[in-house]
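Written out below as structure tokens is the structure these notes cover.
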Amino acid sequence: MYRSRVDVLYHFPLCFVQSLLHAFGRGPILSLLHLSVHYADVELAMAMHAAILRQLEDTHLSNSLIAAYLKLGRPSYARKVFDEMSRRDVVSYTALISGFAKLAREDEAVGLFFEMRASVHALATKMGYLSCTYVSNVLMEFYGKCACLSIMLKLFDKMPQRGIASWNTVASCLVKELMYERALVRVHDMLQTDNFRVDYFTLSILLVASAGCFASMAGRELHAHALRSGFETNLSVKNALIGFYRKCGNVKNVVVLFERMPVKDVITWTEMVTTYMEFGLVESAVEFLYRMPVKNCVSYNALLAGYCQNGEVSRSLGLFCKMVEEGIELSDFTLTSVVYACGLLMETKTSEQIHGFVLKFGFGSNDCIETALLYMCTRCGRMADAEKMFHRWPSDQNNSIIWTSIICGYARHGQPDKAISLFCLGQAEGTMTLDEVASAARSLRGRDLLCACKEMTKMRCEHLLELLNPFPWKRDYKDYLNGIPLSDAL
DNA sequence: ATAGGGTTAG
């Protein structure tokens, strides 16, 4: 019975491991590598590494070593083994690429990917090797992650043989791109064309897709399917079900599911915090967070975001301070929420303080943080800063949220002229949807809004009117429309 | 070796 690395090395010194290799082949080494992963024992993996150093031309053994190092959180060791291999195969590339991808080391993963394409994929294509589902699945995942969805789907359609993982990969890429209905339709096709049966991966992905597009019937059918097939007992499926009923059901559905779960993990508990927050039951959410047997930074982020959604500004700032003091891991999610909370607070000093914190911490800027920062500036009277961020924003990734924020900011801080001109520009360029135009319009005073209407087409104007219901100035607006023929205003 | 569930911006 394995208790520790010392035990193993005591019973099996290196020279013995090497003779094992000669006598019994790879089997014992592979088992020991498995044990090293299971017991999170890096040094055992390194001992195996030492034992098979001379066998590094054995591709199979080296691949297992790469996989072990990656699972043990030692990507640089994995890379070293890879670099020293004399013959790499698809498995070597696959292991390392997916390992780097999981660690968000995209540059290295993509670099390897192109290297693989040069050395393996071209050859594989010529030899018709794409029938290897592993190769195609990894290629598909990469095209999916590079937002090259059409290439991914083309590859999928060309695959002579598909495994259930191929279908799951396509569905999950579509879900990640927010194309929920397409994911549901694709898998529906799968059931009709290929004779595949969905597994617990498929069910989890599709439940997320159903929740994402509020496909309440589809989700319930998936639930029934899970019960019939027995996959309902799978933890991922149960957690995905909770997520579905959180979005398409009610608190009671979720609580019943939760209470009947024999095994729960940190994701289950975090789902409960999110559920209570989304239904406005702040105290229950807090209670659940403190009852959680294991929490991580995502759990705290869920609480923090929930405070913001429920207008509990001081509690969210308090929680953030506690997280910093207690050394709880912060992420871009954390910062986005706390910046947003400062926007709600509308205090210039606090906003500058948190702004400095974000810059100093140097969390890679992303759209969400930048948007939250801009929103915060517009709410805290820092319009000059907001303008700078607004103009710096790349024009090819137009974000309607920042348009709405800055228009509302101008309106709030006594600059209706600027608000109106941006408002007109935004709706003319089609940057903002009508819903968004309406939301920005609510921040404008009635008289200012009337000026803006002159710049709009009749259809837009009427649609806006519908959206503004029950906008307080609607009557004035109607009068205005009655008084002046719209054709004059166009 | 490939696929899965929880947290962010108006």
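Residue numbering restarts at 1 for every chain, and letters A, B, ... go by the order of the sequence lines. All values derive from a computational prediction rather than experimental measurement.
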Between A:Phe423 and A:Trp403, is the ring centroid distance below 6.0 Å?
no
Report yes or no: is there a donor-acceptor pair, N or O only, under 3.5 Å between the side chain of A:Asp265 and the base of B:dG5?
yes
Whole angstroms only, please: what is the CZ-P distance between A:Arg197 and B:dA3?
23 Å
For DNA chain B, the residues among residues 268-278 of chain A that have a non-hydrogen atom under 4.0 Å from it
A:Thr270, A:Glu271, A:Thr274
Is it the case that the ring center of A:His223 lies less than 6.0 angstrom away from the ring center of A:Tyr245?
yes
Residues from residues 283-297 of chain A sitting under 4.0 Å of DNA chain B, heavy atoms only?
A:Asn296
For a quick test of reading the model: is some side-chain N or O of A:Ser172 closer than 4.0 Å to OP1 or OP2 of B:dA3?
no
Ring pair (Phe, Tyr, Trp, His ring centres under 6.0 Å) against A:Tyr375, all qualifying residues, sequence neighbours excluded:
A:Tyr340
For the pair A:Arg260 and A:Glu232, find out whether any cationic side-chain nitrogen is under 4.0 Å from an anionic carboxylate oxygen.
no
Would you say A:Gln309 places a side-chain N or O within less than 4.0 Å of OP1 or OP2 belonging to B:dT8?
yes
Mind checking A:Arg246 for me? I need base, sugar-phosphate or nothing, with any heavy atom below 4.0 Å counting as a touch.
sugar-phosphate
For the pair made of CG in A:Asn168 and P in B:dA1, what is the distance, rounded to whole Å?
18 Å
Nearest whole Å is fine: how far is B:dA1 C1' from A:Lys71 NZ?
9 Å
Categorize A:Ile205 for me: base, sugar-phosphate, or nothing, with a 4.0 angstrom heavy-atom threshold over every strand shown.
sugar-phosphate
More than 12 heavy atoms from other groups under 6.0 Å of NZ on A:Lys295
yes
Identify whether any heavy atom of A:Tyr200 sits under 4.0 Å from a base atom; if not, whether one sits that close to sugar-phosphate; answer base, sugar-phosphate or nothing.
base
What's the CG-C1' distance between A:Leu303 and B:dG6, to the nearest Å?
14 Å
Hey, are the side chains of A:Met85 and A:Ile66 touching, using non-hydrogen atoms and a 4.5 Å cut-off?
yes
If you go through the side-chain atoms of A:Thr169, does one of them form a donor-acceptor pair with the base of B:dA3 closer than 3.5 Å?
no
Is A:Lys176 near enough to B:dA3 that one of its side-chain N or O atoms lies under 4.0 angstrom from OP1 or OP2?
no
Which part of the nucleic acid does A:Val208 contact within heavy-atom distance under 4.0 Å: base, sugar-phosphate only, or nothing?
sugar-phosphate
